[in-house]
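I have placed the structure first, in the form of structure tokens, so that the comments after it can refer back to it.
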Amino acid sequence: MTVRTRFAPSPTGYMHIGGMRTALFCWLWARHNRGQFILRIDDTDQQRNIDAALVPILDAFRWLGLDWDEGPEVGGPHAPYFQSQRRDLYDAALNKLLDSGKAYRDFEVPEDTQAQREAAEKEKRVYVSSRASLALTKDETEKLIADGKPFVVRLLVPRADKVAINDHVRGQVEWDCSLMPDPVVARSDGSPLYNFATVVDDAALEITHVIRAEEHLPNTPIQVLLHRALGNKTPEWAHIPYVASPGSKEKMSKRKIDKYRTNPQFQKMFELGDQVLSRIGIDPKSDALSPVMVAYYREVGFLPAGVLNSLVRLGWSLDDATEFFTLDDMKRKFSLERVIKSAAGLDPDKMLSFQAHWMSQLPADQKLDGCLPFLKKAGLIDDENDPATRARVASVIELAADRLRVFGDIFQLDEFFVADADLKIDDKNFQKRVVKPETAVDLLRDLRKRLAEVVDFASAPLHDLLQSFAAEKQVKVGDVFPAVRLCVTGKAQGADLFRSLELLGQECVLRRMDRAIGLAESQRAS
RNA sequence: GGCCCCAUCGUCUAGUUAGGUCUAGGACAUCGGAUUUUCAUUCCGGUAACAGGGGUUCAAAUCCCCUUGGGGUCACCA
């Protein structure tokens, strides 16, 4: 039998990173078995702009390279793939349930049901449905329907039964039906509820494996019962652990983003994000984008490979040593049997380390193509297609080497793109290495003269020049190099100083030294 | 609170299905040291865990029970 898995997001306007991990596992299991992966949109309760709310979700899949065999845009033999458009199927199933007596119309007003629920809770009693409407005769029921009395349809839970599943990750899990209230399957307007629509669709789409997050475990007995009542073959289950917030066992949630900001384990991610996003015109403090969303990582300049590798290692491992996986590796090696049971916290540190690894593997031209849009968005370059610009950016990237972990890191070398007048200088270090030392300014002034005389303004000769300059002045290189760096890049540390000088070019270096010397002088005077 | 799930270094995990080779392995983080003009990288090395208690057994991280702790979920949401 062909393996068919599905991921069924509701259109919320963003793709949750934890949901993405679930989707990845679904996709992997389907691909591993040469089966099909289906995307179904669970939009049974939202009416408004589904299309717009769906875009970020599909974009996330596309960005990561996870394709779907059936679903939005691609269609398929079981189209449509939007629950809002499959109402006739639910209606038919509902009638089947009603006709067979497996479900009943419940005329109890919601307030009464609610009151019973509360009373039971108060008395520490298990709440089960009153089933008062079940006592109605057929005539009475028809009268109520004719009178337009509202009702919901509930599944008649077989209270004597037990439900047991053999979960692919959790093993045997059992529930006692005598403890279950009769679940509503259709609202008073006749529309289906999640559990019902899901069961109808999973059966219709011939889903063989329902792989979803652990939080759905309590839904499972209801769904099993529904499948049984409908006469379906029940799918196999795999309840994978949810993704927890860093350093905790709590499910990661969009609503807790403010709390995460103060989480020390999350700090590094927010710092990186804030720094990059603020450069490209996105408000880092806005709720519109945060590390719980897949889009965040794209905007900050992560590679799909890095994100994918992080996600797959959350709750799954191949063995005791392998850490790096390409999508293709995962596809070949993934198995549900090796999915762990406990919740795994997202680890920003490790995520960044995976990212750094995959960035280091990326060919230079792809690094270039990745960085260009960031520089463009930040207004640091004008034309992404201009050959001279591309060449310069390529040089900077080469110079940056492993300092470039995410594309957004290119902003750490913004000194190569800003106008001299706009160069920001790290004041604290400038004071320490240029303004305060007695001889620093004189030294720099002398050095500036020498630099002006250089004919071959290249890294190696510049290195020699600075070195011999320090020797000649009988000062340590540590008194010269950092000062020069501060003057021309504005930073206390960074990429190779001499290659930086070469890349900046003689004229620029001289201008920046003049500017810095002037600045230091005026500060010394005051 | 009911139901259900989970429990190995700070974190992600290997080891648990078939008890011994586990004085518990790897990775990230961290701390040292080497390399380096700074930072980063790289390389070497260190610190660091079987939640607790009972069983079963010659032998338990591994099997059983209890306790504790953590978490998920309890809608005419998905």
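Protein chains get the first letters and strands the later ones, always in sequence-line order, with residue 1 at the start of each.
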Verdict with supporting geometry, A:Ser245 and A:Glu250, side-chain hydrogen bond (donor to acceptor under 3.5 Å, both in side chains): CA-CA 6 Å; A:Ser245 65; A:Glu250 272 177 43; 5.5 Å; no
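- Between A:Phe334 and A:Phe25, the two ring planes are tilted [angle within 30° to 60°].
- Taking atom CZ of residue A:Arg485 and atom C1' of nucleotide B:U36, one finds them 12 Å apart after rounding to whole Å.
- The separation of B:U41 from B:U36, taken at their C1' atoms, amounts to 10 Å, rounded to a whole angstrom.
- Base pairing of B:U47 is not made with any nucleotide, judged by Watson-Crick or G-U wobble geometry with both donor-acceptor distances under 3.5 Å.
- Here the rule is side-chain hydrogen bond (donor to acceptor under 3.5 Å, both in side chains) with A:His239, and of A:Glu214, A:His216, A:Arg212 only A:Arg212 fits it.
- Contacts of A:Glu337 with the nucleic acid, taken as non-hydrogen atoms under 4.0 Å apart, are absent.
- Rounded to the nearest Å, the gap between the C1' atom of B:G72 and that of B:C39 is 44 Å.
- Distances shorter than 4.0 Å separate some side-chain N or O of A:Arg187 from OP1 or OP2 on B:C77.
- Among the protein residues, A:Val173 comes within range of the sugar-phosphate backbone only, with heavy atoms under 4.0 Å from sugar or phosphate atoms but none that close to a base.
- Applying the 3.5 Å distance criterion, the base of B:C39 shares a donor-acceptor pair with the side chain of A:Arg403.
- Pairing for B:G1 goes to B:C74, judged as Watson-Crick or G-U wobble with the two contacts each under 3.5 Å.
- The backbone N or O of A:Thr141 lies less than 3.5 Å from no partner atom in the side chain of A:Arg105, so there is not a single donor-acceptor pair.
- In this entry the distance linking CG of A:Leu497 with C1' of B:A40 reads 15 Å, nearest Å.
- Side-chain atoms of A:Gln275 and A:Glu271 include no donor-acceptor pair closer than 3.5 Å.
- Of the candidate nucleotides B:C39, B:A14, B:A27, B:C39 has the atom lying nearest to any side-chain atom of A:Gln493.
- For the pair A:Glu250 and A:Pro9, both in contact range of RNA chain B, the more 5′-proximal nearest nucleotide belongs to A:Glu250.
- A:Leu352 comes within 4.0 angstrom of nothing in the nucleic acid, heavy atoms only.
- Between the CZ atom of A:Phe266 and the C1' atom of B:C28 there is a distance of 16 Å, rounded to whole Å.
- Separation of the P atoms belonging to B:G20 and B:A60 is 11 Å when rounded to the nearest angstrom.
- For the pair A:Asp426 (side chain) and A:Lys491 (backbone), a donor-acceptor distance under 3.5 Å is absent.
- Side-chain contact annotation: A:Asp319 with A:Thr322, donor-acceptor N/O pair under 3.5 Å present.
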Sort me out a list of protein N/O and nucleotides 16-25 of chain B N/O pairs below 3.5 Å, or just none if empty.
| residue | atom | partner | partner atom | Å |
| --- | --- | --- | --- | --- |
| B:G25 | N2 | A:Asp320 | O | 3.3 |

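- As judged by a 4.0 angstrom heavy-atom cut-off over every strand, A:Lys251 is placed among residues touching the sugar-phosphate backbone only.
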Sequence neighbours excluded and cut-off under 3.5 Å, please list the side-chain donor-acceptor pairs for residues 399-408 of chain A, or say none.
| residue | atom | partner | partner atom | Å |
| --- | --- | --- | --- | --- |
| A:Arg403 | NH1 | A:Ala400 | O | 3.2 |
| A:Arg405 | NH1 | A:Asp409 | OD1 | 3.1 |
| A:Arg405 | NH1 | A:Asp409 | OD2 | 3.0 |

Derivation and outcome, salt bridge (Lys or Arg N to Asp or Glu O under 4.0 Å), residues A:Arg131 and A:Asp106: CA-CA 7 Å; A:Arg131 295 184 172 175; A:Asp106 178 12; over 6 Å; no
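- When both pairing distances are held under 3.5 Å, B:A27 makes a Watson-Crick or G-U pair with B:U11.
- The residue A:His239 sits apart from the nucleic acid: no heavy atom pair falls under 4.0 Å.
- For the pair A:Arg105 and B:C76, the criterion of a side-chain N or O lying under 4.0 Å from OP1 or OP2 is not met.
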Candidate pair A:Glu472 and A:Arg450, rule salt bridge (Lys or Arg N to Asp or Glu O under 4.0 Å), full reasoning: CA-CA 12 Å; A:Glu472 178 194 320; A:Arg450 301 285 183 83; 2.6 Å; yes
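- Separating the NZ atom of A:Lys341 from the P atom of B:G15 is a distance of 12 Å, rounded to the nearest angstrom.
- Taking 4.0 angstrom as the limit, A:Arg117 places a side-chain polar atom (N or O) nearer than this to OP1 or OP2 of B:A75.
- Using a 4.0 Å heavy-atom cutoff across all strands shown, A:Asp349 reaches sugar-phosphate atoms only and no base atom.
- Across all strands, A:Phe354 comes closer than 4.0 Å to no nucleic acid atom at all (heavy-atom distances).
- For B:U35, there is no paired nucleotide, since no Watson-Crick or G-U wobble pair has both relevant distances below 3.5 Å.
- If you check every strand for non-hydrogen atoms under 4.0 Å, A:Pro110 touches a base.
- Nearest nucleotide to the A:Ser342 side chain, out of B:A7, B:G70, B:C4: B:A7.
- Nucleic acid contact class of A:Val477 (heavy atoms, under 4.0 Å, all strands): none.
- Looking at A:Gln83 and A:Asp42, their side chains do bring a donor and an acceptor atom within 3.5 Å of each other.
- In this structure, A:Gly478 reaches neither bases nor backbone, as no heavy-atom distance under 4.0 Å exists between it and the strands shown.
- Spacing of C1' atoms, B:G10 relative to B:A48, comes out at 8 Å, to the nearest Å.
- With hydrogens and angles ignored, no donor-acceptor pair closer than 3.5 Å exists between the side chain of A:Asn195 and the base of B:A78.
- In this structure, the nucleotide among B:U11, B:A27, B:G72 sitting nearest to the side chain of A:Glu215 is B:G72.
- One interatomic measurement links the two molecules: NZ of A:Lys268 to P of B:G10, which rounds to 18 Å at whole-angstrom precision.
- Residue A:Gly494 is classed as a base contact, given a heavy-atom separation below 4.0 Å to a base.
- Distances from the side chain of A:Val184 to the nucleotides B:C76, B:G71, B:U41 place B:C76 closest.
- Listed nucleotides: B:C76, B:A78, B:C6. Nearest to the side chain of A:Tyr194: B:A78.
- Among the protein residues, A:Ala495 comes within range of the nucleic acid bases, having at least one heavy atom under 4.0 Å from a base atom.
- Applying the ring pair (Phe, Tyr, Trp, His ring centres under 6.0 Å) rule to A:His168 yields the partners A:His209; only residues at least two apart in sequence or on another chain are considered.
- Remark: P of B:G70 and CE of A:Met252 are 22 Å apart, rounded to the nearest angstrom.
- Residue A:Arg338 is in sugar-phosphate contact alone, with no base atom involved, counting any heavy-atom pair closer than 4.0 Å across all strands shown.
- Taking atom CG of A:Asn219 as the reference point, atom P of B:C5 lies 15 Å away to the nearest angstrom.
- Residue A:Ser188 has no polar side-chain atom (N or O) positioned under 4.0 Å from OP1 or OP2 of B:C76.
- Checking A:Asp176 against A:Arg21, the closest nucleotide of RNA chain B that is more toward the 5' end is the one next to A:Asp176.
- Regarding A:Tyr14, its OH atom lies at a distance of 16 Å from the P atom of B:A78, rounded to whole Å.
- For B:G10, its base never sits under 3.5 Å from the side chain of A:Gln265 at any donor and acceptor pair.
- Under 4.0 angstrom from either OP1 or OP2 of B:C12 there lies no side-chain N or O belonging to A:Lys350.
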